Structure formats: C-alpha cells, structure tokens
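Numbering of ligands and ligand atoms starts at 1, following listing order. What's counted below: heavy atoms across the whole structure, side chains too, no hydrogens, waters or symmetry copies. All values reported here derive from a predicted model rather than from experimental measurement.
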Amino acid sequence: MKYKAKNALLEVVGLLLFATLRADASTTVTLNGSACPVDAVITRDVCVIGGGASGTYAAIRLSDLGKSVVVVEQQDRLGGHTQTYTDPVTGGHIDYGVEDWHNLPVVLDFFARLNVSLVTQSNSVYGTSQYYDFSTGKSVPGYSAGDPTPGLTAYAAQLAANYSYLEEGFGGIPYPVPSDLLLPFGEFVIKYSLQSVVSLIFSVSQGLGNLLAQPTLYVFKSFGLGIIQGFEEGYLTTAANDNSLLYEHAYAELEPNVLLNSTILLVNRSSPNEANVLVSNPSGQTLLKCGKLVFAIPPKLNNLEGWDLSLSELSLFGQFTNSAYYTAIVRNSGLPSNITFVNVSPNTIYQIPKLPGIYEISPTGITGLLNVKFGSSQTLPDSEVQQQILSTIANLQVAGKTPGVPSLAVYSSHAPFELAVSPSAIAAGFYKELYALQGQRNTYYTGAAFHTQDSSLLWQFTEALLPSITDS
Ligand SMILES: Cc1cc2nc3c(=O)[nH]c(=O)nc-3n(C[C@H](O)[C@H](O)[C@H](O)COP(=O)(O)OP(=O)(O)OC[C@H]3O[C@@H](n4cnc5c(N)ncnc54)[C@H](O)[C@@H]3O)c2cc1C
Ligand SMILES: *[C@@H]1O[C@H](CO)[C@@H](O)[C@H](O)[C@H]1NC(C)=O
Ligand SMILES: *[C@@H]1O[C@H](CO)[C@@H](O)[C@H](O)[C@H]1NC(C)=O
Ligand SMILES: *[C@@H]1O[C@H](CO)[C@@H](O)[C@H](O)[C@H]1NC(C)=O
Ligand SMILES: *[C@@H]1O[C@H](CO)[C@@H](O)[C@H](O)[C@H]1NC(C)=O
Ligand SMILES: *[C@@H]1O[C@H](CO)[C@@H](O)[C@H](O)[C@H]1NC(C)=O
Ligand SMILES: *[C@@H]1O[C@H](CO)[C@@H](O)[C@H](O)[C@H]1NC(C)=O
C-alpha cells in the first residue's frame with residue numbers, strides 16, 4: 001500500500017514536470033561546447049541507464065526508497081536479456097532468454113514486490129537428449145555425456161573452500177591474484193582432473209565463448225556455487241511461464257519515468273552535483289538533469305559514444321573483449337518436439353563442439369516450435385548466425401525427420417555477452433580499479449560486466465549498491 005501511494009504521487013509529479021517542460025520546447029543547452037536543441041527537461045534524483053535486469057531492479061528499489069528516477073532504455077521494452085515469445089497460434093509463452101532465478105531472499109522479495117508468482121522449475125519439457133555432430137549433421141551413436149559427479153564435486157569443493165567471495169562480485173579477489181584463477185580453464189581442468197564436469201559446464205554456462213581458453217576466474221563466476229546449489233534445490237521460474245511479466249509490471253509502476261526507444265547522445269558529468277544526459281527518442285531530444293547515474297549497460301566503448309569518459313573509464317572499458325550468444329525459436333524444423341538435440345563433436349577434447357555453432361536445439365513446450373541457442377567467441381553479423389542456424393537444422397540427419405524449410409519465428413542477438421579482460425590485466429588489478437569507479441563522478445555501476453551473467457546475483461549486487469546511492 002505504501003509503495004502504491006508513493007508511486008502514484010511520483011507519477012503525477014513526473015507527468016506535470018514532463019508536460020510543463022514539453023510545452024517549453026525548442027530551447028538549447030550547451031553540454032559539449034556546441035548548442036544542442038532540447039525539447040524537454042527532466043530532473044531526477046537518479047537516472048538509470050539501461051532497463052534490463054540490473055537497471056529495472058535499481059529503478060524500482062530507488063523509487064521505493066523515495067528517490068525520483070528515470071530509466072533510459074534503447075529497446076522498446078524493459079527486460080534486456082529476458083525475452084518471451086507468444087505463439088500466435090496457441091497463445092502459449094516461451095521464455096527464450098532468461099529462464100530462471102535462484103531461491104534467494106532478494107529474488108522472492110522482488111517478485112513479491114511486483115506481484116509475479118514463482119514456481120520451482122520443471123525440466124520435463126526438455127525430453128530426452130540425443131547427440132549429433134552439428135557440423136556434419138550426423139548422429140554420434142557412441143556418445144555418452146558421462147557422470148559429471150567426480151569433477152563437479154572436486155570443482156565445487158575448490159570453489160567453496162577457496163573462492164566463495166566470487167559469489168558477491170569481483171571485489172573480494174585477493175592480491176596477488178591466486179594463479180589458478182588466471183589459468184586458461186582447460187589447464188585448470190587438467191591440473192585438478194576435472195575432466196568429467198567439462199561438458200556439463202559447457203552446456204550450463206552457455207555464452208562463455210571458448211570455454212577452455214577463458215581464464216578460470218570467469219568460469220568460476222559463471223558456474224558458481226549458487227548455480228551448483230540450484231542443481232539440488234531447483235531454480236525458480238514464473239508460474240505463468242512468462243518471465244517478461246516481471247518487467248511489464250515494473251514498467252507499469254515506473255511509467256512515465258521510462259524512456260524507451262532512446263539513444264544517449266551526450267553525457268556530461270563535469271558538474272560536482274549533477275550529471276547531464278541528452279537523450280534522443282521518438283518524441284525528440286530530452287535533457288536529463290540527474291543527481292546520480294546508475295550505469296547498467298555493457299561498458300564496451302562502442303556502446304558509449306557521447307559519454308565523457310574519464311581516462312580511467314576509457315582505459316578500463318577499452319580492455320573488455322566479449323563473447324557472443326544468440327537465441328532463436330525455429331518453426332518447421334522437421335524435428336520432433338520432445339527431444340533435445342545436443343551438439344557434440346567426435347573429434348575434440350571432451351567432445352565439446354567448436355564454436356561458432358549451435359549448443360542445442362530443445363523443445364519449447366509448444367509442438368512445432370524449438371528453442372535454439374547459439375554461441376561464438378566473438379560478435380558475428382546477425383545474418384551469418386541466422387544462416388548458420390537454418391542450414392545446421394536443414395543438415396541434421398535425424399531419422400524420421402519430416403522434410404520442410406525451417407524458419408525463424410524469432411531471433412535475438414545477446415552480443416556482447418560475457419565481457420572479459422586478459423589474465424595479465426586481472427593480475428594487474430583490473431577489477432580493483434574497475435570497482436574504484438563506484439561513485440566517481442556521481443556514477444554507480446552495475447550489470448553483468450561488474451559481476452556475472454545472473455539476474456539473481458545482479459539484484460543482490462545492485463541492492464548492496466543502494467546505500468551509497470541514497471546516503472548522499
Ligand atoms: C539466452 C540467455 C539466457 C539466460 N538465462 C539466464 C537465466 O536463466 N538466469 C539468469 O539469471 N541469467 C540468465 N542469463 C544471463 C542474463 O544476461 C542476466 O541474468 C541479466 O539479464 C544481465 O543483466 P544486465 O542488467 O547486466 O543486462 P541486460 O538485462 O541485458 O540489461 C541491459 C539493458 O541495457 C540496454 N542497453 C544496452 N546498451 C544501451 C545503451 N547504450 N543505451 C540504452 N540502453 C542500453 C539493453 O537494451 C538492455 O535492456 C541469460 C542470458 C541470455 C542471453
Ligand atoms: C561539460 O560541460 C561543461 C560546462 O558545463 C564544459 O565546460 C565541458 O567542456 C563539458 N564536457 C565535455 C566533455 O563536453
Ligand atoms: C518504440 O518503437 C517501436 C517500434 O520500433 C514502437 O512499436 C513503439 O511504439 C515505440 N515505443 C515508444 C514508447 O516509443
Ligand atoms: C496480483 O496479481 C494477481 C493475479 O496474478 C491479481 O489477481 C491481483 O489483483 C494482483 N494484486 C495486486 C496488488 O496488484
Ligand atoms: C584451498 O587452497 C589451499 C591453499 O592453496 C589448498 O591447500 C587446498 O587444497 C584448497 N582447497 C581445496 C578444497 O581445493
Ligand atoms: C555536441 O553534441 C551534439 C549532439 O550529439 C552534436 O550534434 C554536436 O556535433 C556535438 N558538438 C561537438 C562540438 O562535439
Ligand atoms: C516423442 O513423441 C513421439 C510421438 O509424437 C513418440 O513416438 C516418441 O516416443 C516420443 N519420444 C520420446 C523420447 O518421448
């Protein structure tokens with residue numbers, strides 16, 4: 001009840017402010033030395049840049065803590081990597097992005113706050129697995145994923161004994177950095193005889209690119225204690241089988257303080273008490289006068305045009321490389337709707353396939369529609385990924401496959417996905433310097449690059465950031 005009243009009030013204030021300033025159009029502001037036309041001005045305690053998992057969480061929580069907020073999002077919706085396809089034929093939903101969350105207080109609280117019901121996820125929809133070499137289309141009859149237990153147990157014991165701080169972020173890394181964290185994961189596997197868990201990690205931690213080449217730090221971050229615990233306890237997903245509901249409810253609460261379809265033109269943080277952000281969206285150019293910024297977008301330099309990056313931001317963000325992850329839902333695949341087709345290679349170590357390529361093709365719960373997950377160690381043109389998905393499916397030599405021309409019901413690029421830096425950068429204190437940016441120039445950083453590709457853990461991380469945003 002308290003939440004509702006406060007938000008209603010904020011909405012009215014927001015509307016009034018927006019309406020008044022819209023009327024006073026065609027002014028200009030000087031943010032970069034030249035006159036920039038401005039159609040509206042919005043003043044807020046906090047401007048949240050990016051309306052995905054982290055940004056949406058920050059906006060809801062800050063507004064509940066009495067701060068006025070506005071969210072700037074480039075897409076036409078909130079939710080980021082959380083995406084839901086609604087089948088026009090059956091009306092059924094398919095979550096083809098983020099699927100599940102951990103059973104953690106922060107998760108239960110956030111879903112309760114937004115009135116979205118959770119259930120323990122059932123894996124029954126995936127059916128049995130069959131193993132194919134997607135590069136040839138042929139079945140790999142002798143293949144067995146094997147029992148991951150010995151490797152998993154040893155891996156988990158190491159994490160729990162020596163690296164549990166990683167569950168909270170990169171902040172707990174000791175210096176000098178333990179050398180095992182810097183080893184390419186393939187070498188770590190051999191050093192500790194973890195071979196039996198490799199294919200499990202490859203299939204759970206999709207999107208890491210070349211798994212065996214990644215510094216072990218990133219594998220620990222991605223395939224962490226919470227994930228392992230979830231194997232026993234189960235993960236949570238929405239009862240309505242529609243994970244986007246969370247973000248739709250958040251949007252309804254935050255509106256009109258969400259600027260969708262918006263591009264950042266300029267950010268100027270030179271004033272000590274304010275950050276100015278010039279945004280272009282379908283209704284014109286809006287100047288945001290922000291007490292603070294929450295930065296919740298991938299910090300790649302090509303995503304930060306117009307930002308007044310400091311030398312350290314420029315140097316730190318410039319070091320990120322990324323892998324890429326793509327999703328699609330395929331129609332007319334000719335494949336049965338009750339089997340997960342797993343890509344394995346008869347010729348590689350651990351039989352994990354070479355990327356770029358499809359990880360797996362799995363049932364969606366709706367007959368005739370299949371989920372496809374595709375990975376690459378670097379960003380690829382979308383046309384190339386789409387073409388490879390369709391040709392791989394066409395080439396799969398599955399017995400009883402019905403002929404037809406597969407098509408993409410929906411396709412989504414999640415590039416850049418995992419942001420990483422080199423082992424030498426990690427050793428030289430990259431994450432110490434990255435975390436030292438917190439609060440500098442009224443900017444607070446969250447999102448996967450600052451922690452991990454995991455909504456539950458990102459909400460926990462963002463929650464821990466709130467006191468420093470609200471306290472001053
Ligand atoms: C296919 C897939 C499945 C996944 N499954 C799970 C899962 O089951 N459970 C889980 O916990 N995690 C899962 N993840 C990981 C997921 O990425 C994280 O959980 C989480 O969504 C990351 O949150 P974020 O805030 O960092 O990024 P995002 O949620 O991507 O949010 C970033 C937002 O910023 C916007 N943006 C980017 N650049 C700009 C810009 N320049 N200006 C304005 N807006 C911008 C984007 O459009 C986006 O909305 C999955 C990821 C993928 C791709
Ligand atoms: C930011 O604005 C100030 C004036 O407020 C100006 O002096 C400065 O050059 C601007 N910074 C950039 C990077 O344009
Ligand atoms: C955003 O753009 C999409 C299409 O590109 C459009 O359908 C939608 O109405 C726009 N939304 C807003 C709030 O501008
Ligand atoms: C919460 O959602 C349920 C349906 O899922 C609805 O019946 C109820 O009215 C909602 N409650 C609030 C407070 O919005
Ligand atoms: C944790 O690290 C110590 C010191 O390096 C090592 O002796 C120990 O075996 C490690 N624990 C596990 C469970 O691997
Ligand atoms: C200032 O920013 C505006 C808006 O992005 C741009 O059109 C203009 O060229 C910029 N001027 C300078 C001097 O950078
Ligand atoms: C899949 O469904 C078909 C019928 O549509 C059935 O014959 C087959 O046994 C099922 N396979 C599995 C593995 O459940």
Side-chain angles (χ1 to χ4, degrees), residues 1-8 11 14-15 18 22 27-36 38-43 47 51 56 59-60 64 70-80 83-84 86 93 108-119 236-291 293 301 304-314 317 410-413 440-443:
M1 290 313 271
K2 221 170 82 201
Y3 291 141
K4 280 268 174 256
K6 199 182 292 161
N7 275 302
E11 272 180 36
L15 275 173
F18 211 73
R22 284 234 171 265
T27 54
T28 63
V29 289
T30 307
L31 293 173
N32 62 349
S34 64
C36 308
V38 166
D39 303 301
V41 181
I42 299 180
T43 304
C47 301
T56 302
I60 289 286
D64 287 350
V70 64
V71 180
V72 181
E73 168 56 49
Q74 71 186 4
Q75 300 290 322
D76 62 356
R77 59 185 287 276
L78 296 179
Q83 293 181 312
T84 309
T86 302
H93 301 297
L108 303 179
D109 290 351
F110 193 40
F111 278 84
R113 166 68 182 86
L114 292 171
N115 193 27
V116 177
S117 305
L118 288 167
V119 292
L236 300 174
T237 193
T238 53
N241 196 25
D242 179 357
N243 291 347
S244 293
L245 270 182
L246 182 72
Y247 296 96
E248 286 161 18
H249 288 197
Y251 181 72
E253 295 255 349
L254 292 166
E255 222 194 346
N257 292 305
V258 181
L259 304 181
L260 297 176
N261 293 338
S262 294
T263 306
I264 290 177
L265 297 177
L266 281 173
V267 177
N268 186 324
R269 295 169 291 170
S270 65
S271 146
N273 304 313
E274 188 177 76
N276 288 298
V277 180
L278 185 65
V279 171
S280 164
N281 65 16
S283 46
Q285 289 193 188
T286 303
L287 173 65
L288 310 180
K289 296 165 85 68
C290 320
L293 291 186
L301 293 184
L304 299 172
E305 272 168 41
W307 284 71
D308 58 343
L309 297 178
S310 67
L311 284 179
S312 54
E313 286 170 331
L314 201 60
F317 300 161
V410 67
Y411 164 85
S412 182
S413 166
Q440 300 282 322
R441 304 168 85 213
N442 297 313
T443 309

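Ranking protein heavy atoms by distance to atom 13 (C) of ligand 2, first place goes to D308 CB, 4.0 Å. Ranking the protein heavy atoms by distance from atom 7 (O) of ligand 3 puts D76 OD2, 4.7 Å first.
Proximity of V267 to L293: side-chain heavy atoms (C-beta onward) are separated by under 4.5 Å at one or more points. Side-chain contact check for N442 versus R269: every heavy-atom pair is 4.5 Å or farther apart. The shortest side-chain heavy-atom distance between R77 and S244 falls under the 4.5 Å cut-off. Considering only heavy atoms from C-beta on, N268 stays 4.5 Å or farther from E274 through its side chain. The shortest side-chain heavy-atom distance between D64 and R113 falls under the 4.5 Å cut-off.
Distance check on atom 2 (O) of ligand 3: some protein heavy atom falls below the 4.0 Å cut-off. Put simply, atom 9 (O) of ligand 2 has no protein non-hydrogen atoms near it, under 4.0 Å away.
Under 3.5 Å, the side chains of T84 and N243 contain no donor-acceptor pair of N or O atoms. No hydrogens or angles considered: nothing links the side chains of S271 and N273 as a donor-acceptor pair under 3.5 Å.
Those atoms of ligand 3 that come under 4.0 Å of a heavy atom in P282, given as number and element, are 14 (O).
Put simply, part of S270 is less than 4.0 Å from ligand 2, judged by heavy atoms.
Contacts between N32 and ligand 2 below 4.0 angstrom, taking non-hydrogen atoms only, involve backbone and side chain alike. The proximity of L31 to ligand 2, defined as any non-hydrogen pair under 4.0 Å, is limited to the backbone.
Every N/O-N/O distance between G33 and ligand 2 stays at or above 3.5 Å. Residue N261 has at least one N or O atom closer than 3.5 Å to an N or O atom of ligand 3. The shortest N or O to N or O distance between N268 and ligand 2 is under 3.5 Å.
Contact detail for F110 and L246: the closest heavy-atom pair is CE2-CD2, 3.9 Å.
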